[in-house]
Amino acid sequence: MESSTSQLLQSRYFSPLFNTAIFDGGFRVYFSQNQETEALKLYLQLQNKFKSIDESNKDRSQRVVFVMLYPNEEAYSRVFDSGSDTCVEAMGDDIVIGLKGPYREDLVGSLDMKLSEL
């Protein structure tokens, strides 16, 4: 069985723009190195908001949440046709979250609404 990360790297969601990542429990945040400050803010917000996802992910068979912080609208629109700044899709048992950069704090609120629809 293919690992979640290998599956992501071969999917349409992954871009060569993503040259840096934060791996913590069930979260994987991918971003461009020049977005490091934004990505760390995003990660801290996600960690505080969605601790239960990480805590329930101690078993490797649980979902992985991939957060893809696209640097701009052009990179984001190559992957998602959505008119929204956030998009949440299933990739097998895992979740892929696409965020149109640059990062803004209100994206986590929008993301929370999208996740509640799953």
From CA spacing to verdict: side-chain contact (heavy atoms from CB on, under 4.5 Å), I95, V88: CA-CA 7 Å; I95 298 173; V88 178; 3.7 Å; yes

Evaluation steps, side-chain contact (heavy atoms from CB on, under 4.5 Å), between S11 and L8: CA-CA 5 Å; S11 74; L8 175 76; 3.9 Å; yes

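Counting heavy atoms from C-beta outward, F14 and M68 have side chains that approach closer than 4.5 Å.
Residue Y70 comes nearest to A75 through the heavy atom pair CD2-O, 3.8 Å, listed as atom of the first residue, atom of the second, then distance. The two residues G98 and F80 make their nearest non-hydrogen contact at CA-CE1, 3.6 Å. Closest heavy-atom contact between V64 and S4: CG2-OG, 4.1 Å. Taking each heavy atom of F66 and T5 in turn, the nearest pair found is CZ-N, 4.0 Å.
For S77, the side-chain contact (heavy atoms from CB on, under 4.5 Å) criterion is met by no residue, not counting sequence neighbours. Residues forming a side chain to side chain donor-acceptor pair (under 3.5 Å) with Y13 (at least two apart in sequence, or on another chain): E89. Residues forming a side-chain contact (heavy atoms from CB on, under 4.5 Å) with R104 (at least two apart in sequence, or on another chain): D85, D106, L107.
The cluster map of Ile, Leu, Val, Met, Phe, Trp and Tyr, joined by side-chain heavy atoms under 4.5 Å apart, puts V67 and L17 in different clusters.
Sorted by first and then second residue, the salt bridge (charged side-chain N to carboxylate O under 4.0 Å, His left out) pairs with a member in residues 69-82 read E74-R78; sequence neighbours excluded.
Formation of a donor-acceptor pair under 3.5 Å by the S15 side chain with backbone atoms of F18 is not found in this model.
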Could you list the donor-acceptor pairs under 3.5 angstrom formed between side-chain atoms of residues 33-41 and any protein atom two or more places apart in sequence or on another chain?
{"from": "N34", "atom 1": "OD1", "to": "S32", "atom 2": "OG", "distance (Å)": "2.8"}
{"from": "Q35", "atom 1": "OE1", "to": "S32", "atom 2": "N", "distance (Å)": "3.0"}
{"from": "E38", "atom 1": "OE1", "to": "Y103", "atom 2": "N", "distance (Å)": "2.9"}

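Rounding to the nearest 0.5 angstrom, the gap separating the CG atom in D94 from the CZ atom in R28 is 9.0 Å. Here the straight-line distance linking atom CD1 of I97 with atom OG1 of T86 works out to 9.0 Å at 0.5 Å rounding. For the atom pair Y30 OH and L99 CG, the distance stands at 14.5 Å (nearest 0.5 Å).
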